[in-house]
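One structure is given here, and the rest of the page talks about it.
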Amino acid sequence: MAFYESLAPFYDEIFPVNVTACDFLLSFFEKADLVLDVGAGTGNMAIALAKKGLRVIAAEPDVTMADYIRQKAVEENVTIPVHIKAMQGMDQITEKVNGIYCIGNTLPHVSNAEELKVFINKCHELLSEGDHFILQLVNYEKVLSAVEDFSFPVIQKEGLLFTREYRQEGDKIIFTTNLNVKGDSFSNSIPLFPITSRKLIPILQETGFEVEHIYGNFARQDYSANSPALIVVAKK
């Protein structure tokens with residue numbers, strides 16, 4: 001995916017490990033034998049969890065990102081098997097996992113509600129009774145209610161400037177990033193399927209998941225229409 005290939009070399013600097021998110025996930029997966037990270041990016045969270053003692057496998061569709069995971073795992077002296085799989089390929093995961101998480105706004109990369117249902121159903125089949133499934137994505141209720149196009153705060157670090165904008169186009173959100181690194185600029189756009197809590201929760205429940213908690217951030221604040229994120233903790 002060219003969209004992410006251009007971001008890969010700078011991804012860790014733009015999106016460092018969220019310690020609060022790491023602790024949040026550990027609190028649900030500490031007794032799991034093996035956890036699956038869906039849409040692992042460059043492996044920041046998978047590696048952080050592995051360094052805490054959790055066994056993690058990663059699924060990442062972008063080859064460049066997957067290569068970064070393998071390289072960083074070696075550097076950090078942790079073992080993380082990597083599957084080059086999109087969300088639609090979860091039925092090809094053969095390992096027995098006891099937990100699944102899909103964070104970082106990966107979920108809206110499905111094309112429509114049917115693909116979303118298929119993905120959730122495949123994750124349900126991978127898990128056993130009592131296992132947790134954790135999803136985190138942008139709060140699209142907030143994005144869709146914006147009068148004008150929605151943008152995130154600018155991320156600015158030494159020699160780097162990163163902006164993200166959302167624009168509504170039919171039933172999709174066009175996600176555009178602009179990256180400026182020491183004078184060189186990179187711009188990419190990709191369509192996303194805006195998934196709100198009203199869409200997501202019923203699908204989880206119809207699939208057989210019990211929705212335990214709905215949060216607005218990893219600090220466990222209650223979800224609201226103005227929350228920055230939608231985080232759902234579900235249990236099979």
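- Although no hydrogens or angles enter the test, the distance criterion places a donor-acceptor pair under 3.5 Å between the side chain of N44 and the main chain of F15.
- Between S128 and K96 there is a side-chain heavy-atom pair separated by less than 4.5 Å.
- With K199 contributing its side chain and P194 its backbone, the two residues share a donor-acceptor pair below 3.5 Å.
- Atom CD of residue Q71 and atom CD of residue E76 lie 11.0 Å apart, to the nearest 0.5 angstrom.
- Closest of all the heavy-atom pairs between T20 and F218 is CG2-O, 3.5 Å.
- Atom CD1 of I69 and atom CD of E60 lie 5.5 Å apart (nearest 0.5 Å).
- Counting heavy atoms from C-beta outward, E141 and L230 have side chains that stay 4.5 Å or more apart.
- In this structure, L200 and I120 have side chains that are in contact, with non-hydrogen atoms separated by less than 4.5 Å.
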CA sep, side-chain torsions, deciding dist, call: T106, L137, side-chain contact (heavy atoms from CB on, under 4.5 Å): CA-CA 7 Å; T106 294; L137 58 156; over 6 Å; no
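- Rounded to the nearest 0.5 angstrom, I231 CD1 and Q221 CD are separated by 10.0 Å.
- When only modelled atom types and interatomic distance are considered, S227 and N139 share no side-chain donor-acceptor pair under 3.5 Å.
- Cluster annotation: V56 and V233 are assigned to the same hydrophobic cluster (Ile/Leu/Val/Met/Phe/Trp/Tyr, side-chain heavy-atom contacts under 4.5 Å, transitive).
- The two atoms that bring M45 and I103 nearest to each other are CG-CD1, 4.0 Å, heavy atoms only.
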Criterion side-chain contact (heavy atoms from CB on, under 4.5 Å) on K85 and V38, from CA distance to verdict: CA-CA 9 Å; K85 303 289 183 187; V38 180; over 6 Å; no
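- Each of T177, T176, N178 was checked for a side chain to side chain donor-acceptor pair (under 3.5 Å) with S189, and the lone residue meeting it is T176.
- A donor-acceptor pair under 3.5 Å links the side-chain atoms of Q136 to the main chain of G104, judged by distance alone.
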Verdict with reasoning, L54 to L25, per side-chain contact (heavy atoms from CB on, under 4.5 Å): CA-CA 10 Å; L54 196 65; L25 293 173; over 6 Å; no
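- Taking 4.5 Å as the limit, some side-chain heavy atom of I173 sits within range of a side-chain heavy atom of L144.
- Taking the charged nitrogens against the carboxylate oxygens, R167 and E169 do have a contact shorter than 4.0 Å, which makes a salt bridge.
- With rounding to the nearest 0.5 angstrom, the NZ atom of K172 is 10.0 Å from the CD1 atom of I190.
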Intermediate values then yes/no, salt bridge (charged side-chain N to carboxylate O under 4.0 Å, His left out), D131 and K236: CA-CA 6 Å; D131 292 342; K236 180 170 178 176; over 6 Å; no
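- Of the possible donor and acceptor atoms, one in the side chain of N217 sits under 3.5 Å from a partner among the backbone N and O of R220.
- K142 and A225 make their closest contact through CB-O, 3.4 Å (heavy atoms, listed as atom of the first residue, atom of the second, distance).
- Linking ILVMFWY residues whenever their side-chain heavy atoms come closer than 4.5 Å, directly or via other members, places I155 and L179 in the same cluster.
- Taking the six-membered ring where tryptophan is involved, the planes of F29 and Y101 are tilted, since the angle between them lies from 30° to 60°.
- Note on ring orientation: taking the six-membered ring where Trp is involved, the planes of Y140 and Y166 are parallel (angle under 30°, cut-offs 30° and 60°).
- Atom CG of residue D33 and atom CG of residue N98 lie 4.5 Å apart, to the nearest 0.5 angstrom.
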Stepwise salt bridge (charged side-chain N to carboxylate O under 4.0 Å, His left out) test for E13 and K157: CA-CA 8 Å; E13 187 172 358; K157 300 187 177 183; 6.0 Å; no
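- The hydrophobic clustering, which links ILVMFWY residues whose side-chain heavy atoms are closer than 4.5 Å, places V143 and I201 together.
- Residues H132 and V35 are not in side-chain contact: their nearest non-hydrogen atoms beyond the backbone lie 4.5 Å or more apart.
- The two residues A48 and C22 make their nearest non-hydrogen contact at CB-SG, 4.0 Å.
- L127 places a side-chain heavy atom less than 4.5 Å from the side chain of V97.
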Evaluation steps, side-chain contact (heavy atoms from CB on, under 4.5 Å), between E95 and H83: CA-CA 11 Å; E95 292 94 336; H83 298 272; 3.0 Å; yes
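- Checking side-chain atoms of N105 against main-chain N and O of V138 turns up a donor-acceptor pair under 3.5 Å.
- E129 CD: 12 or fewer foreign heavy atoms inside a 6.0 Å radius.
- Proximity of F209 to F133: side-chain heavy atoms (C-beta onward) are separated by under 4.5 Å at one or more points.
- F193 and N112 get closest at one heavy-atom pair: CE2-C, 3.6 Å.
- Grouping the Ile, Leu, Val, Met, Phe, Trp and Tyr side chains by contacts below 4.5 angstrom, directly or via other members, places V211 with F119.
- Taking every heavy atom of both residues into account, V82 and R70 meet most closely at O-NH2, 3.7 Å.
- Side-chain atoms of K72 come within 3.5 Å of backbone atoms of T42 as a donor-acceptor pair (strictly under, hydrogens ignored).
- In this structure, CG in L116 is found 4.0 Å from CD1 in I203, a value given to the nearest 0.5 Å.
- Note on I57 and V78: separate hydrophobic clusters, where clusters join Ile, Leu, Val, Met, Phe, Trp and Tyr whose side-chain heavy atoms are under 4.5 Å apart, directly or indirectly.
- Under the 30°/60° scheme for interplanar angles, the aromatic rings of F28 and F24 are found to be tilted.
- Side chains of K51 and I47 form a contact here, defined as non-hydrogen atoms less than 4.5 Å apart.
- Not one N or O on the side chain of E210 forms a donor-acceptor pair closer than 3.5 Å with the backbone of E212.
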